[in-house]
Structure formats: C-alpha cells, structure tokens
Amino acid sequence: MRLIVARCEVVYTGRLNARLPEALRLLMIKSDGSVMVHADHGGYKPSNWMTPPAVIEEEGDPLERIVVRKRAGASEDRLEIRVEEIFSDVEHDMGEAAALEKDGVERDLQEALAAAPAHCGEGFRLVRREWPTDIGPVDLMCRDGEDAWIAVEIKRIGTIDAVEQLSRYLERIRLDPAMASCRGVLAAQSIKPQARVLAESRGIACVEVDLAVLRGEREPELTLFAV
C-alpha cells in the first residue's frame, strides 16, 4: 500500500463531474488498484475514489500528477490528481495476512447456503464456492432451473458496500461472453433499506436468510393469509 500526503487538487470526470479544490490530502493507493483520496474530515469515507480494475499513470519527477482511468460501459471514468507539494510518500507491504477474513456468521451462512442454495432462489443449484474473479472470489456461483448463471454474495448485514462489491464482481464475470447474462443475488441475515434500493436499481435480487432455519434449529415463521 502506498500512502502519499500532499497538497493537491482532484478532478473527477465521468458519469458526473466533481472537483476537490487544492488542499492537504491523504492519497491511498492499494495493491488491488483502488485509489482513495481522504481529507481530515468526513469520517471514514474518502472524499473521492476509484475502484479496480483501473489504469494508474504518474507524471513528473518529482511527482506532479496521478491519473486514474477506468472503463465504465461506453464511457471512461477519470480521476486526475494534480500534486502541488508532497510532504510524505511511503509504501508498506501489507502481506496476504492483512486480508479481511469473513466473520463466523458469514462463514456459517456460506456453508449452509452452499448446502441448500434453493434458499437464495427457486431452482438454484451450486456450481462452486469461492468462484474466482480477477478482483476477488464470489461466495457462491449457481445456476437456476433454466441453466442461467447467478452470482451470490453473502453477508451478515447487507449494506450499500455489499451491493457495490457484488456489482464489481458481476462486471468482471460478464466480460466472459458465456456468462454475459449472469445475475446477482445478495443474501444476508438483514439488508439495509438503502442497500435494497441500490440493488433493485442494478437488477440485483436481495434475499434475507435465517441461519437457525438453514441449520434446521428452528422452523420458519408461518405467514397467515386472510380468506
């Protein structure tokens, strides 16, 4: 991971245009191609960012400009960082051990849903757990009764970040012509309302699952219908 503290201006062009005026900022460039621009306010969220896969170009010695480009359909997203002064520029090898491991609930949910994928959708059957993509593995890859592909991402709590993560996986998976119509399902014990709205806008289905029911420790709740 590379951390740069610099006085810089940041201009984003793409689906919309945005500009961060010149100020002292932290630039975080991760080994997976993520680029984040942080300020000393606004909490944990970056002021601007670019997700992988992206092309990162640097100009000048000393560094004068960083340009990050990413294809987005027929257009291109572009993040241009114009560096005025560098105060610190360091790199750290975080190692493979730095990767976040799924918590116990997510691991258990994945195992239970892999054994009974129909809880994610009618007629689903498992093809593989941890289906690899070039930006990380999808929890479950399934096919439905019509033999269509479905990528299932499993979380304890479904958030906007989970929807974004699954969207990135689907973007990479669909590059294979044989899987161009792959659908996405976000499965979680609970799903935030904002995440549902975003998922729906992207054609991603949301499924809430109960680990105790999956394990057979409790009967599913019955729904009563008035006649």
Side-chain angles (χ1 to χ4, degrees), residues 32-34 49 51-53 70-73 96 99-226:
D32 65 359
S34 303
W49 67 92
T51 57
K70 176 180 178 179
R71 295 298 302 176
E96 294 183 2
L100 178 67
E101 293 186 358
K102 290 182 179 292
D103 66 26
V105 172
E106 286 186 18
R107 283 196 302 270
D108 292 343
L109 279 172
Q110 186 185 114
E111 290 174 1
L113 288 172
H119 284 275
C120 298
E122 186 176 354
F124 283 18
R125 65 184 189 279
L126 180 68
V127 176
R128 177 174 173 174
R129 290 177 62 180
E130 302 291 338
W131 180 278
T133 77
D134 55 2
I135 58 172
V138 179
D139 289 328
L140 305 180
M141 184 61 76
C142 299
R143 300 190 91 152
D144 63 14
E146 298 179 353
D147 225 27
W149 292 99
I150 306 98
V152 180
E153 185 63 22
I154 299 167
K155 299 293 184 185
R156 183 172 62 85
I157 300 174
T159 62
I160 285 177
D161 286 344
V163 177
E164 294 283 8
Q165 180 182 359
L166 180 52
S167 297
R168 293 194 295 271
Y169 288 151
L170 288 169
E171 180 181 294
R172 306 308 297 166
I173 292 167
R174 289 168 179 166
L175 292 176
D176 181 347
M179 306 180 75
S181 60
C182 182
R183 296 183 286 118
V185 172
L186 175 61
Q189 287 190 306
S190 65
I191 298 175
K192 298 289 187 181
Q194 302 92 330
R196 284 187 180 275
V197 172
L198 181 60
E200 182 178 349
S201 73
R202 297 185 178 180
I204 293 172
C206 292
V207 178
E208 290 192 346
V209 293
D210 187 320
L211 185 55
V213 172
L214 290 172
R215 288 172 165 171
E217 299 170 352
R218 184 167 65 79
E219 290 296 321
E221 294 181 1
L222 298 178
T223 303
L224 299 179
F225 296 91

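Hydrogens, waters and symmetry mates are skipped; everything else that's a heavy atom, side chains included, is used.
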Are [X] and [Y] packed together at the side-chain level, in the sense that at least one heavy-atom pair is separated by less than 4.5 angstrom?
| X | Y | result |
| --- | --- | --- |
| Arg129 | Met141 | no |
| Val138 | Glu130 | no |
| Cys142 | Val152 | yes |
| Pro52 | Ser34 | yes |
| Thr133 | Pro137 | no |

Indicate every side-chain donor-acceptor pair of residues 179-195 with a distance under 3.5 Å to a residue at least two apart or in another chain.
unit_1, atom_1, unit_2, atom_2, d
Arg183, NH2, Asp144, OD2, 2.8

Residues that Glu164 engages under side chain to side chain contact (heavy atoms under 4.5 Å, CB included), provided they are two or more places apart: Ile160, Arg168, Leu198, Arg202

Go through the structure and list residues passing side chain to side chain contact (heavy atoms under 4.5 Å, CB included) with Asp147, not counting sequence neighbours. Arg125, Arg143

Quick one: do Lys155 and Glu153 make a salt bridge, cutoff under 4.0 Å? yes

Please list, chain by chain and in numerical order, all residues satisfying salt bridge (charged side-chain N to carboxylate O under 4.0 Å, His left out) with Glu200, sequence neighbours excluded. none

Can you measure from [atom1] ([X]) to [atom2] ([Y]) and round to the nearest 0.5 angstrom?
| X | Y | atom1 | atom2 | answer |
| --- | --- | --- | --- | --- |
| Ile135 | Thr51 | CD1 | OG1 | 7.5 Å |
| Gln165 | Leu170 | CD | CG | 11.0 Å |
| Arg196 | Ile204 | CZ | CD1 | 13.0 Å |
| Leu211 | Glu111 | CG | CD | 9.5 Å |

Sorted by chain and number, sequence neighbours left out, side chain to side chain donor-acceptor pair (under 3.5 Å) with Thr159 holds for none

Nearest atoms (heavy-atom pairs only) where Gln110 meets Leu140: CG-CD2, 4.0 Å

Please list all pairs passing the ring pair (Phe, Tyr, Trp, His ring centres under 6.0 Å) test where one or both residues lie in residues 120-178, with sequence neighbours left out. Trp131-Trp149

